[in-house]
Asks: 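This is the structure, below, for whatever I ask next.
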Amino acid sequence: MSTVPATKSSTEIDKARLLEALRKGGDAFLCSVAGVGEAACRLRPAENRWSVLECAEHVAVAEEVMLGLVTGERKARDPEGPKRDDRILRSGTDRSTRFDASDQSQPRGRFSTLAEAVAHFQAVRQRTLRLVEQTGDDLRATEVKHPHHVVGVISTYECLLLMGSHAQRHALQIQEVKNSPAYRTSAH
């Protein structure tokens, strides 16, 4: 019988970190849309800004696109390659730089209600969580080509981490919409 304490492998540590980021981002997104009524969710804080419903649509669609990337065909990569984990996580709470969404995740009125967009996000996020919980793969050993021009080629692990920070980033955007004068005066 060994007296050496069991330690977690780097894959187990990565998995725990992914699950934490995905849950944290999902919770932040769901909290941001909680209590937003159907009329209020369509209000834009300015002409060139998204409404809460448009943000929710973008998050739901981007989540599905990214899940498709990590479950689709991936290329092998050196698992010791560049690690941008902290940068990806910081991007979730840094709204100082604005990025244009990829064409496929632009809001196009895919959901008639905020509840539909949120339900779609929740269903896809549950599939994502299950995937991470059940995988035994080293997710740093494969890469995906992210459709966003800024992100480019990233490891599967980084893509999943991005999914958590992406939902969190747009939760902050939704809070900005809710704090706007247009929303506050029209929503009540």
Side-chain angles (χ1 to χ4, degrees), residues 21-70 72 84-128 143-155 158-188:
L22 288 164
R23 288 183 180 123
K24 183 177 180 180
D27 290 347
F29 172 71
L30 294 174
C31 284
S32 75
V33 296
V36 176
E38 284 304 322
C41 78
R42 298 170 197 290
L43 297 171
R44 289 179 159 197
E47 190 172 318
N48 63 341
R49 307 299 279 181
W50 289 349
S51 67
V52 171
L53 178 57
E54 289 168 320
C55 289
E57 177 185 350
H58 167 72
V59 171
V61 170
E63 181 87 5
E64 188 166 26
V65 167
M66 288 188 276
L67 181 58
L69 292 172
V70 301
R84 299 164 284 199
D85 303 2
D86 292 335
R87 188 172 127 210
I88 289 169
L89 289 172
R90 274 193 315 273
S91 74
T93 56
D94 180 4
R95 296 264 312 137
S96 64
T97 303
R98 195 169 160 204
F99 300 105
D100 291 329
S102 67
D103 187 53
Q104 65 193 88
S105 67
Q106 288 283 336
R108 302 205 193 299
R110 295 171 183 92
F111 304 104
S112 349
T113 66
L114 180 59
E116 284 178 22
V118 170
H120 186 83
F121 168 79
Q122 288 177 302
V124 178
R125 179 54 59 99
Q126 283 306 310
R127 290 184 1 233
T128 304
E143 65 184 29
V144 301
K145 170 99 172 74
H146 192 280
H148 196 285
H149 65 279
V150 174
V151 180
V153 175
I154 57 177
S155 73
E158 290 170 326
C159 190
L160 287 158
L161 205 56
L162 181 63
M163 291 169 80
S165 70
H166 182 257
Q168 190 173 6
R169 178 181 182 83
H170 288 289
L172 294 170
Q173 182 181 9
I174 289 168
Q175 194 56 51
E176 291 168 12
V177 173
K178 290 165 60 177
N179 289 337
S180 72
Y183 182 90
R184 286 196 316 263
T185 57
S186 299
H188 300 294

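Here, residue 1 is the first one in the sequence, and each next residue gets the next number.
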Asks: Using modelled atom types only, decide if a donor and an acceptor are shared between the side chain of Glu158 and the backbone of Ile88 within a distance under 3.5 Å.
Replies: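 Judged by distance alone, no pair lies under 3.5 Å.
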Asks: Specify whether His58 and His170 have parallel, tilted or perpendicular ring planes, treating 30° as the upper limit for parallel and 60° as the lower limit for perpendicular.
Replies: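 Rings of His58 and His170: perpendicular, as their planes differ by over 60°.
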Asks: What's the shortest heavy-atom distance between Met163 and Leu67, and which atoms?
Replies: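 The pair with the smallest heavy-atom distance is CE-N, 3.8 Å.
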Asks: Which atom names give the shortest non-hydrogen contact between Asp94 and Thr97, and what distance separates them?
Replies: OD1-N, 4.2 Å
Asks: Looking at side-chain heavy atoms only, is the closest gap between Val61 and Gln104 below 4.5 Å?
Replies: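 No, their side chains stay 4.5 Å or more apart.
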Asks: Is there a donor-acceptor pair under 3.5 Å between the side chain of Glu116 and the backbone N or O of Ser112?
Replies: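 Yes; at least one donor-acceptor contact below 3.5 Å.
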Asks: How long is the gap from CG on Leu22 to CZ on Arg125, to the nearest 0.5 Å?
Replies: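 The CG atom of Leu22 sits 5.0 Å away from the CZ atom of Arg125.
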Asks: Leu53 and Ala117: which non-hydrogen atoms are nearest, and at how many Å?
Replies: CD1-CB, 4.4 Å
Asks: His120: which residues meet the ring pair (Phe, Tyr, Trp, His ring centres under 6.0 Å) condition with it, sequence neighbours left out?
Replies: Phe111
Asks: Would a 4.5 Å heavy-atom cut-off, applied to side chains only, mark Glu63 and Thr128 as touching?
Replies: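 Side chain of Glu63 against side chain of Thr128, heavy atoms only: contact under 4.5 Å found.
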Asks: Does the side chain of Val177 come within less than 4.5 Å of Arg49's, by heavy atoms?
Replies: no
Asks: Using a 3.5 Å distance criterion without hydrogens, assess whether the side chain of Arg42 forms a donor-acceptor pair with backbone atoms of Ser51.
Replies: no
Asks: Distance from Ser180 atom OG to Gln175 atom CD, nearest 0.5 Å?
Replies: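 It is 10.5 Å, given to the nearest 0.5 Å.
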Asks: Are Arg90 and Asp85 within salt-bridge range, i.e. N to O under 4.0 Å?
Replies: no
Asks: How many angstroms lie between CG in Leu162 and CZ in Arg169, if you round to the nearest 0.5 Å?
Replies: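 The CG atom of Leu162 sits 10.0 Å away from the CZ atom of Arg169.
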Asks: Show me, pair by pair, the donor-acceptor contacts under 3.5 angstrom made by side chains of residues 25-41, not counting sequence neighbours?
Replies:
| unit_1 | atom_1 | unit_2 | atom_2 | d |
| --- | --- | --- | --- | --- |
| Ser32 | OG | Phe29 | O | 2.6 |
| Glu38 | OE1 | Leu114 | N | 3.2 |
| Glu38 | OE2 | Leu114 | N | 3.1 |

Asks: Is it the case that over 12 heavy atoms from other parts of the model lie below 6.0 angstrom from the CZ atom of Arg108?
Replies: yes
Asks: Side chains of Trp50 and Cys55: does their closest heavy-atom pair fall under 4.5 Å?
Replies: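 Of all side-chain heavy-atom pairs linking Cys55 with Trp50, at least one is under 4.5 Å.
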Asks: Around atom NZ of Lys178, are there more than 12 heavy atoms from other residues, nucleotides or ligands closer than 6.0 Å?
Replies: yes
Asks: Donor-acceptor pair, Arg44 side chain versus Glu47 backbone, under 3.5 Å?
Replies: yes
Asks: Would you say that Val153 contacts Val144 through its side chain, given a criterion of any heavy-atom pair below 4.5 Å between the two side chains?
Replies: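 They are not in contact (no side-chain heavy atoms under 4.5 Å apart), so the answer is no.
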Asks: Taking the side chain as C-beta and beyond, is there a heavy-atom pair between Ile154 and Glu143 under 4.5 Å?
Replies: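 Result no, sub-4.5 Å side-chain heavy-atom pair not found.
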Asks: How long is the straight-line distance from CZ of Arg110 back to CD of Glu57, given to the nearest 0.5 Å?
Replies: 5.0 Å
